[in-house]
**Student:** 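Starting off with a structure, shown below.
Below, read A as the first sequence line, B as the second, and so on, with proteins coming before strands; counting in each chain starts at 1.
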Number of protein chains: 2
Amino acid sequence: MITALKFTLLLLALAFAQGLHYNYIDELDKEAGTVRAVQASQYVSLWPLPQKVKILDLSFKLTSFNIVDAKESSAGSSCSLLQDAYRRYYEYMFGIAKRQGPRKSRLTGPSELTELQVWITSPDSECDGYPSVTSDESYELSVDLPYAVLKAPKVWGALHGLETFSQLVYEDQYGAKSINSTAISDFPRFAHRGILLDSSRHFLPLKVILANLETMAMNKFNVFHWHIVDDQSFPYLSRTFPQLSQQGAYHPYTHVYTPADVKMVIEFGRLRGIRVVPEFDTPGHTQSWGKGQKDLLTPCYSGSKPSGSFGPVNPILNTTYDFMSQFFKEISTVFPDAYVHLGGDEVDFTCWKSNPDIQKFMDQQGYGQDYKKLESFYIQKLLDIVTTTHKGYMIWQEVFDNGVKLKPDTLIHVWKGNQEQYQSEMANVTSAGYKTLLSTPWYLNRISYGQDWHGHYKADPQDFNGTEEQKKLVIGGEACLWGEYVDATNLTPRLWPRASAVAERLWSAKDVTDINDAFNRLSVHRCRMVARGIPAEPLFSSYCPREYKGI
Amino acid sequence: MITALKFTLLLLALAFAQGLHYNYIDELDKEAGTVRAVQASQYVSLWPLPQKVKILDLSFKLTSFNIVDAKESSAGSSCSLLQDAYRRYYEYMFGIAKRQGPRKSRLTGPSELTELQVWITSPDSECDGYPSVTSDESYELSVDLPYAVLKAPKVWGALHGLETFSQLVYEDQYGAKSINSTAISDFPRFAHRGILLDSSRHFLPLKVILANLETMAMNKFNVFHWHIVDDQSFPYLSRTFPQLSQQGAYHPYTHVYTPADVKMVIEFGRLRGIRVVPEFDTPGHTQSWGKGQKDLLTPCYSGSKPSGSFGPVNPILNTTYDFMSQFFKEISTVFPDAYVHLGGDEVDFTCWKSNPDIQKFMDQQGYGQDYKKLESFYIQKLLDIVTTTHKGYMIWQEVFDNGVKLKPDTLIHVWKGNQEQYQSEMANVTSAGYKTLLSTPWYLNRISYGQDWHGHYKADPQDFNGTEEQKKLVIGGEACLWGEYVDATNLTPRLWPRASAVAERLWSAKDVTDINDAFNRLSVHRCRMVARGIPAEPLFSSYCPREYKGI
């Protein structure tokens, strides 16, 4: 699995400070009839752009190069997360050439760099922990003689710094791996930078999920929002309720995620500073749950008789809540993240309305014909259940819109409407004091002809009418790739580099908005992903020094 | 290269006449809010649908199965084209299991089928020839005891029949490879069924081109229109003018097609009944030509001085025509097909207008300010040159629109306008007695969200106002995948199965238009392509028994 990602990296012949830029030829936009020269960005191919960068016109050759722990580092050789990362980035930079042993003392030239020292400065490196929304991801990178130094309070910042370091390395005119004298101080603008993948509309083989986690790390994303089940299929193999996937998956053996698979995803993510937040969406989007769990869904009626089809989760039965208690207890132990996404979107009331038992319950509760009250009744009980598992929760915006009582640390996930509507929603949610995440402008499953990444790049989650306090409640956003039209055959090129545009918006400073500079850097970043074995699609007519090796 | 395409084929557990259909679950269209059950098509997974099909409810197990030459066949074991095809289809049907040796005489059960006999009925099998626009592609397939028989006048029909046979094979409930008693009589509705790939905007590695030829054969396409060079790059390595790719390719070594590469593409195509028609588009779309061929392009002027930039091919110099004579002489020997595509689209007159020498020539010729006359002057001379190489030519519609004198056997390639406009163009072209090809509705580079294959499927190249004689002049069409936004990373899933919709339109009878039946068959056909190692993207929420193994 992982080895499939370890491709030789041809370090890109970068358009660099030296003024070389033979990587992209002038481009001719046939349709617009305009000619646009691709210029070297002064920030080379850094993506996402760090907060502070200073690159000098002084280059060093990388000779007998090693990545090592700094003596003062609180994370030593026992920190396998870092050792793994050193190996990964070494391979990205130098290919599969044999790693150097401990460097023998030998004379190096005056412009040769032999070492990157990684220095975790906080007493607790968090090497064996999980990343969280409050993790310190900052780092400082100094590339200079006698050695480069990467300082970070925690391992999470060090991972980002290693990616940045690898992005600075280039081949000089004679093919030697080189790096310029550089000083970088960096941290993310937003704490929550996510990608949603949907493994229900199409099953995504583990290999695809891992390859995309790998690519997320290259783009400094830190949350994998795993929309793991939905109407179409239930691939999560539950230890408590194995019949859910036995009956609800597309295939009970080949199209499921076993406990070992889930563990692998979580650990693969952790090693890259990526949280795994699972979504178990209820009470709607649950058709596949009903196949393996009797009486969980509401029987729909046609006239006075059950029609044989089923609607959302049945909110009026005690058995529903018994099931949810057991199910989310399992989820809370399987997924280490402090949050679970509970969905709550798009509940269709048609079936509830048809069911006489539901109508009776509505009358008893005095809800009249307001089915939103019934929905809230269900969600309220579900939230209470999840609270007992000591997890925080994320929910889609409808739950907030319907006035459900929420814990103060609830994350409201905004996904609907046009620009005006989602900005108004962001204002409302933060005005009510809740933390929020934006996804509306980043539904990457929606495609159109041409460079649609421009739109993704321009959207800013803090662009709405609100106080500074409100703006601070925006903790980030997520790019969503819903699965109706994507599976293993086309997911990766559809996601990258379009999601990279979102990555920069969520990491870099608010004023990093120059679309031409972004095009130049992203073009090189795209080829770097391709060189690392990821089929990231082209932005426009161009070429990569090493084209993708697959089909 | 080729071996990369030989993947184990899991024969699809088909929704079949028996009424089994567990391959696709009921689908729920979230956006439309409708539920649609995917039903088994009565024609199983045949794609494109043959002209006449009769499938009986009587199945045979494939036991110790072999594909062999019929004794009466005019193509024997020395016909490597067929032997190659037997091996290829054997592997598609049975995976990489060892081929059976000559069958030992042993008892077979009453419902066991052991042999497909391939019988080329015409004295000249054309085994060692090249396919052409007049090739006989018909075949008849009879699946019955004691053995199945595939009869075809020429090898080209046999290739199609083998594909059809392989599409009939399925796994029964117990996993045994089976086939139903079947009688098929088949031939294409149109003689020219093409795919245009563009290797100039992005270089396409050989592996990608071959994989798509392979997939074309699965869809009974028979023309690879190779738009090999354009403004952006000149990857064709010319033996006569090596400086063209030396200077004009993205990279002179890694981003070129050598003579050996071109030969391989042509032979790989031939073995699958696919013609390779190269396009060398002039006088526009030639920026990359100018880099390696001095004085070929028109110098543009800014006021009274050359601006340093260049326009279309310079039509007023004798050296231009000397160059073209030599160049197309080479092309005529390198590419065996009887046709070459000469382009002629989108000539921008701005540069010609700016150039004082061109203006003088216009005056001398009495063209006034009608630059279309200058364009026609150039094209006329080019067509005369190509005529001396004994090739026929295809040209884009502008050349016809501008009134250039054309040989009667010229193919006019229609690509512009909305539906009304292209239908009017088809009427005009055929009314003038020319043969024509349609591409306008099949620009597959244009993408949008959702199932856009519906539109591709509905377009019919004979839907225009004209006589029966005019309709007969429509020899087919081509799906075009222009290269601005595609390269090795995303080309294959973007092309398939969307191009499959075009394949059926061009092969099957005019009245094969049921979109629901098409959806059901195409869904299974898509999974078959995936099982054969081709990353054909999904039509909608669903799964394949064997998902794609790549990322």
Side-chain angles (χ1 to χ4, degrees), chain A residues 4 25 27-31 33 35 200-205 207-208 211-212 231-233 250-251 254-255 285 287 309 346 348 445-451 483-494 530 533-551, chain B residues 4 25 27-31 33 35 200-205 207-208 211-212 231-233 250-251 254-255 285 287 309 346 348 445-451 483-494 530 533-551:
Chain A
I25 63 152
E27 296 190 342
L28 199 138
D29 186 331
K30 182 184 165 185
E31 308 229 342
V35 176
S200 173
R201 273 64 179 241
H202 287 97
F203 179 78
L204 301 175
K207 185 180 178 179
V208 172
N212 281 282
D231 282 324
Q232 286 79 358
S233 75
Y250 280 130
H251 187 286
T254 58
H255 288 63
H285 291 281
Q287 288 293 303
S309 64
E346 298 185 309
D348 182 350
N445 49 303
R446 301 221 152 252
I447 55 171
S448 58
Y449 190 60
Q451 299 201 39
E484 282 84 352
Y485 300 104
V486 290
D487 69 2
T489 63
N490 63 347
L491 183 146
T492 309
R494 191 159 293 187
V530 169
I534 304 300
E537 69 179 18
L539 296 176
F540 196 52
S541 303
S542 65
Y543 79 108
C544 294
R546 288 273 170 99
E547 302 292 353
Y548 185 58
K549 299 284 182 218
I551 58 163
Chain B
I25 62 151
E27 295 190 343
L28 199 136
D29 185 331
K30 179 184 167 184
E31 308 228 343
V35 176
S200 173
R201 275 62 179 243
H202 288 97
F203 179 79
L204 301 176
K207 184 178 178 181
V208 172
N212 281 280
D231 283 322
Q232 286 81 356
S233 75
Y250 280 130
H251 188 285
T254 58
H255 287 64
H285 290 282
Q287 289 293 302
S309 65
E346 298 185 310
D348 182 349
N445 48 302
R446 299 220 153 253
I447 54 171
S448 58
Y449 190 62
Q451 299 200 41
E484 282 84 353
Y485 300 103
V486 289
D487 68 2
T489 61
N490 61 349
L491 183 147
T492 309
R494 192 159 293 186
V530 169
I534 304 300
E537 68 179 21
L539 297 175
F540 195 52
S541 304
S542 65
Y543 79 107
C544 294
R546 286 271 172 102
E547 302 293 353
Y548 185 59
K549 299 285 183 216
I551 57 164

**Student:** Please classify the contact between B/Val208 and chain A as side chain, backbone, both or neither, with a heavy-atom cut-off of under 4.5 Å.
**Tutor:** both

**Student:** Who among A/Gly483, A/Ala536, A/Ser309 has the most heavy-atom pairs with chain B under 4.5 Å?
**Tutor:** A/Ala536

**Student:** Let's test your reading of the structure: which of B/Leu204, B/Ile447, B/Val486 forms the most heavy-atom pairs below 4.5 Å with chain A?
**Tutor:** B/Ile447

**Student:** Kindly give the heavy-atom pair with the smallest separation between B/Ser541 and A/Tyr250, and that separation in Å.
**Tutor:** C-OH, 4.0 Å

**Student:** How many angstroms lie between atom OG of B/Ser542 and atom OH of A/Tyr485, to the nearest 0.5 angstrom?
**Tutor:** 11.0 Å

**Student:** For the side chain of B/His255 and the backbone of A/Cys544, is there at least one donor-acceptor N/O pair under 3.5 Å apart?
**Tutor:** yes

**Student:** Kindly compute the distance separating CD (A/Glu484) from CD (B/Gln451), expressed to the nearest 0.5 Å.
**Tutor:** 11.0 Å

**Student:** Please classify the contact between B/Glu537 and chain A as side chain, backbone, both or neither, with a heavy-atom cut-off of under 4.5 Å.
**Tutor:** both

**Student:** Determine the option with the most heavy-atom pairs under 4.5 angstrom with chain B, choosing from A/Pro538, A/Ser448, A/Ala488.
**Tutor:** A/Pro538

**Student:** Testing B/Ile551, B/Asn490, B/Leu491 for side chain to side chain contact (heavy atoms under 4.5 Å, CB included) with A/Pro535, which one passes?
**Tutor:** B/Ile551

**Student:** For the residue pair A/Thr489 and B/Tyr548, what are the closest heavy atoms and their distance?
**Tutor:** CG2-CB, 3.7 Å

**Student:** Determine the minimum heavy-atom distance between A/Lys207 and B/Gly550, stating which atoms define it.
**Tutor:** NZ-CA, 4.1 Å

**Student:** Determine, stepwise, if the pair B/Gln232 / A/Phe540 fulfils side-chain contact (heavy atoms from CB on, under 4.5 Å).
**Tutor:** CA-CA 11 Å; B/Gln232 286 81 356; A/Phe540 196 52; 5.8 Å; no

